[in-house]
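All values below come from the heavy atoms of this structure, side chains included, with hydrogens, waters and symmetry mates left out. Letters A, B, ... are given to chains in the order of the sequence lines, protein chains preceding strands, and every chain is numbered from 1.
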Amino acid sequence: MSLAAHPVTGTGRLRRVLVANRGEIALRVLRACRELDLETVIVHSEADADSLPVRLADRAVCIGPARSNQSYLNAEFIVSAAQIHHADAIHPGYGFLSENADFARLCEMEKIVFVGPRADVISQMGDKVRARQLAAEAGVPTTPGSDGKLRDAAEAAQLAAKIGYPVLLKAAAGGGGRGMRVVREAGELACQFADAAREAKAAFGDDAIYVEKFLSNIRHIEIQVLSDGATVLHLGERDCSIQRRNQKLLEETPSPVLDAAVRARMCDAAVKLCRHVGYTSAGTIEFILDPARGEFYFMEMNTRIQVEHPVTEMVSGIDLVKAQLEIAGGKPLAIAQDDIRFDGHAIECRINAEDSARGFAPCPGEISHYHAPGGPGIRVDSHMFSGYRIPPYYDSLLAKVVAWGRDRGEAIARMHRALNEMEIRGVTTTIPFHLDLLRHEAFLAGEVHTRFVEEQLLGATA
Amino acid sequence: MSLAAHPVTGTGRLRRVLVANRGEIALRVLRACRELDLETVIVHSEADADSLPVRLADRAVCIGPARSNQSYLNAEFIVSAAQIHHADAIHPGYGFLSENADFARLCEMEKIVFVGPRADVISQMGDKVRARQLAAEAGVPTTPGSDGKLRDAAEAAQLAAKIGYPVLLKAAAGGGGRGMRVVREAGELACQFADAAREAKAAFGDDAIYVEKFLSNIRHIEIQVLSDGATVLHLGERDCSIQRRNQKLLEETPSPVLDAAVRARMCDAAVKLCRHVGYTSAGTIEFILDPARGEFYFMEMNTRIQVEHPVTEMVSGIDLVKAQLEIAGGKPLAIAQDDIRFDGHAIECRINAEDSARGFAPCPGEISHYHAPGGPGIRVDSHMFSGYRIPPYYDSLLAKVVAWGRDRGEAIARMHRALNEMEIRGVTTTIPFHLDLLRHEAFLAGEVHTRFVEEQLLGATA
Amino acid sequence: MSNTAFSYQDLLQIVDLIKTSTQFNEFHLKVGDIELDIRRGEPAARPAPAVAAPDATAPTPATPVAVSPPAAIAEPHRSVPLAYPAGSVLVKSPMVGSFYRAPEPGAHPFVEVGARVTAQSIVGIVEVMKLMNSIPAGQAGVVTHLLVEDGEPVQYGQVLVVIEAENA
Amino acid sequence: MSNTAFSYQDLLQIVDLIKTSTQFNEFHLKVGDIELDIRRGEPAARPAPAVAAPDATAPTPATPVAVSPPAAIAEPHRSVPLAYPAGSVLVKSPMVGSFYRAPEPGAHPFVEVGARVTAQSIVGIVEVMKLMNSIPAGQAGVVTHLLVEDGEPVQYGQVLVVIEAENA
């Protein structure tokens, strides 16, 4: 496709962007495109035909039925829509094909700009073992443990003695807690190893076990990075320790527990890893922080925009999605690390169509009435409207409410005020959960860890 | 009323605040109270019984029928409601009784905290001649001209020669352009003076005339101040040159034309005047700026919160209404001038229920559907909701949309994007006017003056 | 745009028309975008707009709630609808203030339920800023309801006393 | 909370029921908070939610609009409702792509209006990523409408051709 006839805009060679997503992130990308004067094409499933992003895009193309694998996950249909409608670039949002290296590669082959890092970088970082290796190469701390499976309990004992108890035995083939054992002292190891191997064999047909340092009372801290390939910037951290079953519920920046020295080391590690792998676009390095020891370990890298990116935007003033588009258009970053200032505190609450009183059961249905909160320091990213029918096929995120304050106290007070004003009628949402959370002493004191919600806030019923 | 039994909060001796206003500013004050954990009582007329502020306040008291002079302008009823419901303070918002010295005095007498400056300060600044005198005493420039009425054309000619042509002859008793004459050179003066005096006599029964420097292509720039009586801070300027018949339509900060030296002089002048009169609370000093000469003149002081205060909040991060409440509660300002940083650019568009295609005729009616804009950098202050009936008795302001950007271009692009997303069905609004304005070359270039809207944007039909 | 043919004044006139009639129980009018539903007996709550906050909407103890009888459909307060028998006359507070049932502390109340009053009888006092405003019954009849306790705050338009009119 | 008794599947069943029936022209159902309105003949446009932008809602030249015939009430596209005679069968695109009316550039079109087709007749090709997908008529009859120009983009579910079914 020739772009010779098209005027060059502020985003370099981009003129028309296809949005390959739905819901609030599709709206987020459309807004960024509008502000950059880029034309928009959105692809959607039949179930999203009446959605707000479809109505706000310049063009909308139905690519398939409700089921994702026949629409949002079908790379060929999306690339085809981009070609037919002469889109220069595809923004994948988060989820769906956003971290799919094959999709990025298909875009590259078809000479459509994929708004994200190169396919080979996605591929490397998507392989957990390879990513851990790359982190180690870049000098980024990884959780102490065996690099692969262990021969037997004796080898496990040797390693455990080295990294220190408690340790975690894990099924190499598994996940989801099956074959997992916490070993608190050397005497327990042989017995636990045998149990874990037996359970692993039963669950996954493979008794291979590896060992890792067991960390409790940990926090989930991630560093936002932004790179044009030459300049690699960090935009500080986000504390995402408020989770339920590894699903983030509330994120904030700065972290209430990170001291300046540890923050500097984490940001430095994130930048080093990006440089090491030649990362471009916006990305996030997720770390485990052990606040008691002030130590952190590389967990994984998300090679896309994150749900919680707005908190970083609120304190830095940098529009991450516009930056992604500008980088994708070949425009070098106009800012240096020293230009980035962090002001105040920002918190995001994810408002889901879920009933927190019934195990966070999803509640699709029709939003009979929606009224967004407003006023000072409040940002709302939502694809809801009065009359919107939530399709039962996709995730339950309805809105992200973000509150900014000069300090954490002001941000919390604003969030509380805003959630009290917000009205969503017709479906049950997680607003009551957030109102409880925002008043909880441990949260107010910043003394939470990744199992706080399940163990303390929701208690035994979680 | 004894407060001995009430715990002292972060706002000193305040515990419960009565909001003596309606519409978006009532909501703004309620939000500030919520965030400060202050209880709220709102007074309202019968016409506002179903309004959003009434529903959001902790308590609501109907104080009279729709007509303002029997409700929002009745000081006794408001003070009585405060006493009966044990409110410690009254926030007057803007308009209505907010600059009424007698009301402030009544509050003082009844030992209710008036959230604003002292009654005597309101009284002095409300008298235009006295305010000009005080400004001159404080060393703040005032428009060159006669200090009172002139004896005859000869005295006028003498003064005109001193201040330089063109000059403006004005009826001392009048207003609204009657008896007003622009004199471009000395030869015209005698004849114009006689005409002006005749017209003044006919219009006001008084032929007294005074003379003032005539300024064209001027801008309206105002400085926000904040004082606890000891510390006087300025929070930079707002450029309010986009007006129609002296009604502000769009405000922004920083001004696109103010250079650092002039800005510093204006802010310094504003702080000096506040110190001179012993000002407390938030206030605004309005200046005329002659951008061609880089000179500015004191116009008047508004001794209350302004409609356009959010643009200052967006770039400074300071919540002005919370600051007013804290100062009223006796809490000294916790920040110094050097702590205040201004980040980026903010623009406010006033969305009125008016038809800009028909001379901005007011359009009361029912909002059948309302959808607020959202996303990065957008703040909305509005009392609208789907189903809201706009009473025909009060002003037509429906919403303030505020856009923040790292620079003016980003703020404009965001505002344009947001207004395109905003939906208000059922009544005609000024959104189309703002969309035109935001695309106008002169506005984009920052080359406007206070008569730009009438003379250029709307053309001869304005 | 949509409602040039139908003003607030028209609405008031229609409400007055319905109020003075005893023939209609329901009234539905649609003019362009405007829909008007008037129902006698149980005034429908306006669609509540936008408040999720339980502490904001829950009536607080000291907040007076106005009672909306069938004859006062357009009552714009947060209403707890109450029905009174036909022929009831509502004595409303002409201003915000504190209501007193007796001329001074310790004195006998002006009226009790069952008392016969003339139009000139005083039924209470509303105090505003130390000014005492006597409230006349305005209608001869028998007092059937006393709705406000002595010393309680009242708002503008709040019903204070209900009288069963004579010859009604 | 409100719609536990009424699922998306129930909705589909009801729509199917109405589709296969000729007895109902209007259908109104209210279950708790859910209201379902089905009307035959002129599918009512969904209440448009929230777009004030004229450039966003105005149809752009290259945007295909799907036609929603009476038999396809649940058609979820931005619809320009068109009615076809009873017995019309709609041939829809099974995927997003470019539509071609002829097997290759310059060749005769597969079908023209008025052409008689069998269920196996090819009425066009949809190209996706250089893959050519032949579109069969699926129903014997006479072609009454060709709705997409040669080379134009089509979206999933878009009506390409209308056929008046034989024996219908």
Does anything in residues 332-345 of chain B get under 4.5 Å of chain A by heavy atoms, and if so which residues?
B:Ile335, B:Arg341, B:Asp343

Would a distance-only check, ignoring hydrogens and angles, find a side-chain to backbone donor-acceptor pair under 3.5 Å from B:His309 to B:Leu320?
no

For the pair A:His371 and A:His369, name the ring-plane relationship: parallel under 30°, tilted 30 to 60°, perpendicular over 60°.
parallel

Heavy atoms only, distances under 4.5 angstrom: which of B:Gly377, B:Ser382, B:Pro376, B:Gly374 has the most pairs with chain A? Name it, please.
B:Pro376

Counting only heavy atoms closer than 4.5 Å, note whether A:Glu35 contacts chain B via side chain, backbone, both or neither.
both

Please report the interatomic distance CD1(A:Ile431) to CD1(A:Ile351), rounded to the nearest 0.5 Å.
5.0 Å

Please flag which part of A:Met415 lies under 4.5 Å from any non-hydrogen atom of chain B: side chain, backbone, both or neither.
neither

Please walk me through it: do A:Arg304 and A:Ser281 pass side chain to side chain donor-acceptor pair (under 3.5 Å)?
CA-CA 8 Å; A:Arg304 51 158 167 91; A:Ser281 192; over 6 Å; no

To the nearest 0.5 Å, atom CD of B:Glu308 lies from atom CZ of B:Arg350 at 5.0 Å

With a 4.5 Å cut-off on side-chain heavy atoms, are B:Thr429 and B:Val427 touching?
yes

Contacting moiety of A:Ile412, where chain B heavy atoms sit under 4.5 Å:
neither

Using the ring of B:Tyr388 (Phe, Tyr or Trp, six-membered ring only), decide whether B:Arg55 places NZ or CZ under 6.0 Å from its centre and within 45 degrees of its axis.
no

Is it the side chain or the backbone of B:Pro310 that comes within 4.5 Å of chain A heavy atoms, both, or neither?
neither

Is the shortest side-chain heavy-atom distance between A:Val115 and A:Leu325 below 4.5 Å?
yes

Answer yes when A:Lys322 and A:Glu326 have at least one side-chain N-carboxylate O distance shorter than 4.0 Å, and no when they do not.
no

Looking at B:Glu423 and B:Arg425, is any side-chain nitrogen of the basic one under 4.0 Å from a carboxylate oxygen of the acidic one?
yes

Under 4.5 Å from any heavy atom of chain A - which part of B:Arg406
side chain

Is there a donor-acceptor contact under 3.5 Å from the side chain of B:Gln306 to the main chain of B:Thr284?
no

Any residue of residues 16-32 of chain A which, by heavy atoms, sits under 4.5 Å from chain B:
A:Arg28, A:Arg31

Atom CD1 of B:Ile424 and atom OG of B:Ser368: how far apart are they, to the nearest 0.5 Å?
10.5 Å

Counting heavy-atom pairs under 4.5 angstrom with chain B, the leader among A:Gly409, A:Ala413, A:Gly317 is A:Gly317

Below 4.5 Å, heavy-atom pairs only: which of B:Met314, B:Arg379, B:Glu313 has the largest tally toward chain A?
B:Arg379

Carefully, step by step, assess A:Gln224 and A:His234 under the rule side chain to side chain donor-acceptor pair (under 3.5 Å).
CA-CA 6 Å; A:Gln224 175 70 52; A:His234 75 80; over 6 Å; no

